[in-house]
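Following: one structure in structure tokens, then a few remarks.
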Amino acid sequence: MAYDTTILFRDDSYLKEIEATVLGINERGGILTDRTVFYATSGGQPGDTGVFVRADGSTVAIAATVTGETKEEIIHVLAPDQSIPAIGEKLRLRINWDRRYKLMRMHTACHLLSVVCPFPITGAAVGEDDSRVDFDLPEAGVTREGVTAKLMELVSANHPVFTRWITDEELAANPTLIKSKNVRPPIGTGRIRLVCIGKDASVDSQPCGGTHVATTGEVGMIHIGKIEKKGKENRRFRIRFGALPEGE
Ligand SMILES: [Zn+2]
């Protein structure tokens, strides 16, 4: 039977630490709790790392977070050689916030890139220092300087980023919301989470279950590291933190 973890990062991606109770331990040592702030690997964003703090103050290191039988079942994967908490034990769950915040900034930057480059997305991977988005785009016709400048315009405008839930029917009536060519949003659960950018979503809205920053200004300085050709019709854009290096 799948567990239904109360998922707190969906409504508040800034929660760093909460108290939770251990509900189960699976056959591979993965820990299930009643609630969590740990994001589980999904949609190109890696899962959280962090620690569980026990009542005596000792910590248990969490090396990864993944989903189980359903997207609502969150499994915390222990690092090697950790003591295993007991079922029923109360713990403080604390994510590695420095890492997560970078991932939130990068993930939001990927949304901004999809606004600047409005082409079908064939793949994406969010990383702490480097993210990539692949577009179905036969002729580049875009430069890293030009794309970087447009990205930084959206960052500087400090647009709000917020989420909104819509029904399957609303999504079906607005097919242009879906930018990914290969990945379909999870239709059938009755509701879909939209991530919106700008006042009244004037800049963008698309289905996404990841964690994002609250304003585009928080993304900070970013640039396009490289535009690589991946096959005849694919261009891979790499996003990095910091200003565009000069003289490359
Ligand atoms: Zn997203």
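Atoms within each ligand, like the ligands themselves, are counted from 1 in listed order. Only heavy atoms go into these numbers, but all of them, side chains included; no hydrogens, no water, no symmetry mates.
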Using side-chain heavy atoms (C-beta onward) and a distance below 4.5 Å, is F162 in contact with I197? no
Angle at the Zn ion (ligand 1), NE2 of H212 to NE2 of H107, rounded to 10 degrees, please. 100°
Considering just N/O/S atoms, say which atom of H111 is closest to the Zn ion (ligand 1). NE2
Any ion pair linking R191 and E169 (charged N to carboxylate O, less than 4.0 Å)? no
Look at C110 and state whether any of its N, O or S atoms is less than 2.8 Å from the Zn ion (ligand 1). no
Looking only at non-hydrogen atoms, find the nearest pair between R144 and I227 and report the distance. N-CD1, 3.8 Å
Test side chain to side chain contact (heavy atoms under 4.5 Å, CB included) applied to L113 and I222, T108, V133, the passing residue: V133
